[in-house]
Amino acid sequence: MTLTPQPSRSTLVTRVQNILMRPTPEWTVIRDEPATVQSLFTGYACILALIPAVCGLLATALWTAGFGFGLLGPAALIGAVMGYVLGLAGVFVFGLIIEALAGGFDSTKDRVQAMKVAVYSATAGWVGGVLSLIPVVGGLLALLAGLYGIYLLYTGLQQVLATPKDKAIAFTAVSIVIYIVIMVVIGMIIGAVTAALAFGTAVGVAGVGMAAFS
């Protein structure tokens, strides 16, 4: 059995820099390099997806420190873990969707190539997660960084899946709409779970307090 080598840290950093700063030529490199779905996730996606998860948790701790992070902590931690896992699952599903849509836009229908587009176009959003540490405007800045991923997707479809330029915009638009739906569903699941956990923790603490004064 042949194992696909995992990228070194320097290679990972170089890939991030190149895909963000010079996406078109980097997509050409990505198109031609050997990969598997597993290597794309274990060697790249699983690492970069930690950025928004960890930074989001730190931001919650920093900006709620004086307002009872002790109560929100467990829910925030579980929310971060769920966001990390479900976010990766969302990217995987997005890759499957790109593969399924490819034929309708005269593009190459190949699972690994579609996963390359899904994974690497998510780079801006993952790296932009660090901006959540900035107070007040951090979330907006992170969102703007994530929007750059639309351009990465647009260029990636053309370079990696050979999408004709006259169909690349439509392919990008349809893909993004579906991806937004996926992320909204994931957000609703995480929000419902964390809200329930936070409420349960608050009720438990209130019950202990009432018992102490009874």
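These figures come from a predicted structure and were not determined experimentally.
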Atom of [X], atom of [Y] and distance for their closest heavy-atom approach:
X	Y	value
Pro23	Tyr151	CG-CE2, 3.8 Å
Ala114	Leu161	N-CD2, 3.9 Å
Ala35	Val112	O-CG1, 3.7 Å
Ile190	Gly79	CG2-O, 3.9 Å
Gly156	Val117	O-CG2, 3.9 Å
Val37	Arg111	CG2-CG, 4.1 Å

Item to check | Evaluation steps, side-chain contact (heavy atoms from CB on, under 4.5 Å), between Val29 and Asn18 | outcome: CA-CA 10 Å; Val29 176; Asn18 288 344; over 6 Å; no
Rounded distance (nearest 0.5 Å) linking atom [atom1] of [X] with atom [atom2] of [Y]:
X	Y	atom1	atom2	answer
Tyr84	Ile51	OH	CD1	11.0 Å
Leu48	Arg15	CG	CZ	11.0 Å
Leu153	Ile176	CG	CD1	5.0 Å
Thr14	Glu26	OG1	CD	8.5 Å
Ile169	Gln158	CD1	CD	8.5 Å

Next on the checklist: Consider side-chain contact (heavy atoms from CB on, under 4.5 Å). Of Leu50, Leu133, Ile134, which one does Cys55 pass it with?
Outcome noted: Leu133
Item to check | In one Ile/Leu/Val/Met/Phe/Trp/Tyr side-chain cluster, 4.5 Å: Ile180, Val177 | outcome: no
Checklist entry - So if you build clusters from Ile, Leu, Val, Met, Phe, Trp, Tyr with side-chain heavy-atom gaps below 4.5 Å, do Met82 and Val185 land together? => result yes
Item to check | Set of residues satisfying ring-ring contact (aromatic ring centres under 6.0 Å, His included) with respect to Tyr154, sequence neighbours excluded | outcome: none
With side chains defined as the heavy atoms from C-beta onward, is the minimum distance between [X] and [Y] less than 4.5 Å?
X	Y	value
Ile98	Leu157	yes
Met115	Leu96	yes
Ile19	Ile30	yes

Checklist entry - Is a side-chain N or O of Thr42 found less than 3.5 angstrom from the main chain of Gln38, in a donor-acceptor match? => result yes
Next on the checklist: Has Lys116 got a side-chain atom pairing as donor or acceptor with Glu33's backbone, closer than 3.5 angstrom?
Outcome noted: yes
Next on the checklist: Does Arg31 have more than 12 heavy atoms from other residues, nucleotides or ligands lying within 6.0 Å of its CZ?
Outcome noted: yes
Item to check | Parallel, tilted or perpendicular, as decided by the 30° and 60° cut-offs, for the rings of Trp27 and Tyr120 | outcome: perpendicular
Item to check | Candidate pair Val16 and Tyr44, rule side-chain contact (heavy atoms from CB on, under 4.5 Å), full reasoning | outcome: CA-CA 9 Å; Val16 171; Tyr44 193 85; 3.6 Å; yes
Next on the checklist: Evaluate Val91 against Tyr179 for side-chain contact (heavy atoms from CB on, under 4.5 Å), listing each step before the verdict.
Outcome noted: CA-CA 8 Å; Val91 172; Tyr179 185 65; 4.1 Å; yes
Just list the side-chain donor-acceptor pairs under 3.5 Å for residues 140-150, sequence neighbours left out, or say none.
unit_1, atom_1, unit_2, atom_2, d
Tyr148, OH, Leu20, O, 2.8

